[in-house]
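The block underneath contains the structure these notes are about, expressed in structure tokens.
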Amino acid sequence: MSSRAPILIGERDDPHIAAVEDALIRCGNRPLIFDLESVMSDGLSLSDEGYAVKIDGAWRDLTDARFGWLRRLHRADWGLGIEAGSLRALELGTWYSAYSWLLDDSKVSWITSPVALRRAESKLWQWKAAVRLGIPYPRTLVTTSSEAVATSFSNEVIVKPLGTGQFIQDGETMTVYAESMLPTDIRLNALTAAPFIVQERIPAAKHLRVVTVGDRSWVATLDVDLTAPADWRRRSRNHSAFIEAPDASLIAPTGALTIASHLGLGYSSQDWIQTPDGEVFLLDVNPSGQWLFLPKQMGMAITDALAGLLVAGT
């Protein structure tokens, strides 16, 4: 294996990591793969001379410059259910500090840097970036006040979590999805527990999944029917119903590459909507979102584009 083998940060059983790994191997570049959980299991070492992690029983020096892709720092459920202030919480915090420093300060040229990824995961950063760049975005309020919602909106709104949207309840991992409701809905009284994002609900004729890799973009569309939930992920069949836009240049939101570049994202998976009148609005920018559920040829092209950026650094 080359000492400058590209790095993939993510779980080995993640199909997206596996797809990029396969593409790299076909190019003769077998990558190093690890994430926080594997490092916690095998070990790391930080010194004045450099940084190293243990992968498959062997220490790998990360001092040499190379290219890397950070799919995810750790699993989505990492740390969920751990009691704040407990010894285990202290241990996990210590591991995260050492691990994140290793990634931040290494000589790896990341497709998306860890700093940019963490910042771009913030929906507040996305919202303000879109406003500054003049990208169409739903009118937004972040609040703990149901009265503020009733005062600010007169028509249906979308309420979605400001944070990760996952929690543990009775031993099960639960997901908080975006929900539509009226501004006077009694459920909004629960906002006092934590701030949520409240947005005007814009009528959608299509959902657009826009994937960017470097300066390239791909667009897939999903038709919206009258019974569609506010969050398309809640309907399982939607994950196999997207179709590639026949002419991406006509339908791709021009702001997709703009906001990806502004946020420092070499890769992004974005959610947009198209109204019945043909207008497009940005809803969400995911700096490490999925793409393999999209049409096969489109997914393969995205995978190859990511691998191509990594091969360029070997």
Side-chain angles (χ1 to χ4, degrees), residues 36-37 72-97 100 117-131 137-204 207 227-236 238 263 269-273 281-290:
L36 178 52
E37 284 87 348
R72 282 182 179 150
L73 289 165
H74 50 70
R75 293 181 184 273
D77 60 356
W78 184 82
L80 286 181
I82 302 299
E83 182 181 358
S86 67
L87 174 60
R88 187 54 177 163
L90 174 63
E91 293 171 344
L92 293 182
T94 302
W95 270 110
Y96 186 84
S97 294
S100 59
L117 184 141
R118 288 193 293 266
R119 181 178 62 186
E121 285 179 335
S122 166
K123 297 186 187 302
L124 296 178
W125 272 101
Q126 296 177 25
W127 167 31
K128 291 304 181 181
V131 171
Y137 194 82
R139 190 160 59 89
T140 298
L141 172 69
V142 178
T143 186
T144 59
S145 168
S146 59
E147 291 83 2
V149 177
T151 301
S152 302
F153 300 95
S154 56
N155 297 316
E156 195 173 5
V157 296
I158 298 293
V159 181
K160 56 188 180 182
L162 181 59
T164 63
Q166 287 192 320
F167 63 97
I168 298 292
Q169 185 176 69
D170 299 328
E172 292 188 39
T173 301
M174 311 296 289
T175 299
V176 181
Y177 291 102
E179 295 278 0
S180 62
M181 59 188 73
L182 293 173
T184 54
D185 196 296
I186 192 172
R187 289 175 292 176
L188 290 168
N189 292 333
L191 288 176
T192 56
F196 268 66
I197 299 172
V198 183
Q199 297 176 322
E200 62 176 328
R201 181 166 190 176
I202 297 173
H207 287 290
T227 64
D231 192 327
W232 64 263
R233 297 172 301 166
R234 300 194 72 168
R235 183 177 284 176
S236 59
N238 284 345
L263 293 172
S269 185
Q270 305 179 21
D271 287 321
W272 294 67
I273 57 170
F281 289 83
L282 173 65
L283 298 185
D284 184 67
V285 179
N286 191 329
S288 55
Q290 301 179 24

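One-based numbering along the sequence shown.
- With Ser100 contributing its side chain and Ser97 its backbone, the two residues share a donor-acceptor pair below 3.5 Å.
- Summarising the geometry of Glu121 relative to Pro287, their closest heavy-atom pair is CG-CG, 3.6 Å, with the distance given to 0.1 Å.
- Leu283 CG to Gln270 CD: the interatomic distance, rounded to the nearest 0.5 Å, is 10.5 Å.
- The 12-atom threshold is exceeded at CH2 of Trp127, counting heavy atoms of other residues, nucleotides or ligands nearer than 6.0 Å.
- Every salt bridge (Lys or Arg N to Asp or Glu O under 4.0 Å) that Glu156 has, sequence neighbours left out, goes to Arg201.
- Here the side chain of Gln199 pairs no donor or acceptor atom with the backbone of Thr140 at under 3.5 angstrom.
- The distance from atom OH of Tyr137 to atom CG of Leu282, rounded to the nearest 0.5 Å, is 6.5 Å.
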**Study point:** CA sep, side-chain torsions, deciding dist, call: Leu188, Val149, side-chain contact (heavy atoms from CB on, under 4.5 Å)
**Key:** CA-CA 8 Å; Leu188 290 168; Val149 177; 3.8 Å; yes

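- Closest of all the heavy-atom pairs between Ser154 and Pro183 is C-CG, 4.0 Å.
- Formation of a donor-acceptor pair under 3.5 Å by the Ser288 side chain with backbone atoms of Arg72 is not found in this model.
- Qualifying salt bridge (Lys or Arg N to Asp or Glu O under 4.0 Å) partners for Lys123, counting only residues two or more places apart in sequence or in other chains: Asp284.
- Rounded to the nearest 0.5 Å, atoms OG (Ser146) and CD1 (Ile186) are 9.5 Å apart.
- Here the straight-line distance linking atom CG of Leu117 with atom CG of Leu263 works out to 10.5 Å at 0.5 Å rounding.
- Side-chain contact between Leu182 and Val157: absent, with no pair of heavy atoms (C-beta onward) separated by less than 4.5 Å.
- Glu200 places a side-chain N or O within 3.5 Å of a backbone atom of Arg139 that can act as its donor or acceptor partner.
- Annotation: salt bridge (Lys or Arg N to Asp or Glu O under 4.0 Å) contacts of Asp185 (sequence neighbours excluded): Arg187.
- Legend: residues meeting salt bridge (Lys or Arg N to Asp or Glu O under 4.0 Å) with Glu179, ordered by chain and number and at least two apart, are Arg234.
- Between Thr192 and Thr144 there is no side-chain heavy-atom pair separated by less than 4.5 Å.
- Residues passing the ring pair (Phe, Tyr, Trp, His ring centres under 6.0 Å) test with Trp78 are His74, sequence neighbours excluded.
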Side-chain polar contacts of residues 79-88 - donor-acceptor pairs under 3.5 angstrom, sequence neighbours left out - could you list them?
from	atom 1	to	atom 2	distance (Å)
Ser86	OG	Glu83	O	2.7
Ser86	OG	Ala89	N	3.2
Arg88	NH1	Glu91	OE1	3.0

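- In plain terms, the two heavy atoms of Ser180 and Ile158 that are nearest each other are CB-CD1, 3.8 Å.
- In this structure, the side chains of Leu191 and Ser145 stay at 4.5 Å or more apart for every pair of heavy atoms.
- Across all non-hydrogen atoms, the minimal contact from Thr143 to Val198 is CG2-CG2, 4.4 Å.
- To the nearest 0.5 angstrom, Ile197 atom CD1 is 10.0 Å from Leu141 atom CG.
- Of all heavy-atom pairs between Lys160 and Phe196, the closest is O-CD2, 3.4 Å.
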